[in-house]
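To start, the structure under review is shown below, and the notes come after it.
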Amino acid sequence: MNAPNDPPAGLVTSRAHSARVYDYILGGKDHYPADIEAGDEMCRHWPALPVHMMENRRFMHRAARFLAEECGIRQFLDVGTGLPTSPNLHEIVQEVAPESHVVYVDNDPIVLAHARALLQSSPEGATAYVDANMHDPDAILGSPEFRELIDLNRPVGLMVIGIMHFIEPPDDRRLVQHLLDPLPPGSCLAMTIGTADFAPDEVNRVAREYRRQGMPFVLRDLPTAASFFEGLEPVEPGITQVHTWHPGPEQDGIDGRDIAMYGAVARKP
């Protein structure tokens with residue numbers, strides 16, 4: 001079994017957790033037997049799940065680099081960070097611009113423990129971790145870390161990657177909009193949204209397993225996914241499966257039926 005030696009205070013290891021299941025399926029080491037059991041069952045339902053999860057992560061890498069290189073964004077808010085897996089967001093954007101600031105947000109004790117230990121900024125930039133829940137956007141925006149690192153007079157990259165399928169309607173769009181509202185023009189939203197449009201039988205079985213494990217799980221069709229970007233200016237090619245958004249060599253040969261995630265980057269006018 002791969003697991004931390006000393007579970008952080010407040011950590012419930014008897015139930016699977018989405019961040020630790022993700023860690024297990026992608027070959028990490030910060031998970032427990034309940035996460036292994038859940039991950040194995042999900043992969044039995046849909047053997048492509050590891051490919052899907054990896055492409056979600058790679059979308060984040062490409063979107064972050066695009067925002068830093070092409071849009072000149074130097075400050076980022078990453079909501080739903082998950083367990084640190086190199087390269088992390090700050091490693092990507094600080095490679096482009098070492099002075100970049102990154103605020104990470106998550107609310108799982110094991111993520112908090114590892115974030116404090118592993119998220120090390122470049123000397124010129126800064127990173128911080130906010131222990132908060134997306135369901136309480138005011139706690140994120142009002143945190144000392146956000147106020148210290150994010151200058152709301154300059155554009156911000158809002159990263160909402162691999163989390164919306166755990167946020168149920170009717171609050172989902174409101175929560176994203178609440179985070180966008182204080183950000184100035186020129187800010188960008190990079191987001192991925194789970195869908196069953198391409199492998200409905202397999203992906204819906206995975207969704208049922210998440211729910212059986214006590215985790216909410218919502219899949220959205222293309223029009224619903226696109227609604228999160230209303231009022232924003234999409235970056236080409238707009239909303240598409242994550243592996244087809246500004247693809248690189250790693251995306252060659254990927255079967256679209258193996259990807260259950262839409263992704264897009266859009267600019268706030």
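We use all heavy atoms of the structure for the numbers below, so side chains are in, but hydrogens, waters and symmetry mates are not.
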Do the side chain of [X] and the main chain of [Y] share a donor and acceptor less than 3.5 angstrom apart?
X: Arg74; Y: Ala97; value: no
X: Arg267; Y: Val235; value: no
X: Gln241; Y: Ile259; value: yes
X: His101; Y: Leu149; value: yes
X: Glu145; Y: Val103; value: no
X: Gln213; Y: Tyr210; value: no
X: Lys268; Y: Pro155; value: no
X: Glu37; Y: Ala34; value: no

Identified side-chain contact (heavy atoms from CB on, under 4.5 Å) counterpart of Met134 within the set Asp106, Val160, Val105: Val160

Do you know which two heavy atoms are closest between [X] and [Y], and how far apart they sit?
X: Ile161; Y: Ala190; result: CD1-O, 3.7 Å
X: Arg20; Y: Arg15; result: NH2-O, 2.8 Å
X: Pro269; Y: Glu233; result: CB-OE2, 3.4 Å
X: Ser122; Y: Gln94; result: N-OE1, 2.8 Å
X: Gly238; Y: Trp245; result: O-CD1, 3.7 Å
X: Leu141; Y: Pro182; result: CD1-CG, 3.8 Å

Do [X] and [Y] have side-chain heavy atoms sitting under 4.5 Å apart?
X: Phe229; Y: Met191; result: yes
X: Leu232; Y: Leu180; result: yes
X: Asp172; Y: Arg220; result: yes
X: Arg205; Y: Asp201; result: yes
X: Asp23; Y: Asp35; result: no
X: Leu152; Y: Phe146; result: yes
X: Val93; Y: Leu67; result: no

May I ask you to say whether [X] pairs ionically with [Y], meaning some side-chain N is under 4.0 Å from a carboxylate O?
X: Asp171; Y: Arg174; result: yes
X: Arg44; Y: Glu209; result: no
X: Glu95; Y: Arg65; result: yes

Between Phe59 and Tyr262, ring centroids under 6.0 Å: no

same_hphob_cluster(Leu222, Met261) at 4.5 Å side-chain heavy-atom cutoff: no

Residues His90, Tyr104; criterion side-chain hydrogen bond (donor to acceptor under 3.5 Å, both in side chains); working and verdict: CA-CA 9 Å; His90 72 280; Tyr104 292 101; 2.7 Å; yes

side-chain hydrogen bond (donor to acceptor under 3.5 Å, both in side chains) between His178 and Asp138, worked out: CA-CA 8 Å; His178 197 131; Asp138 285 330; 2.7 Å; yes

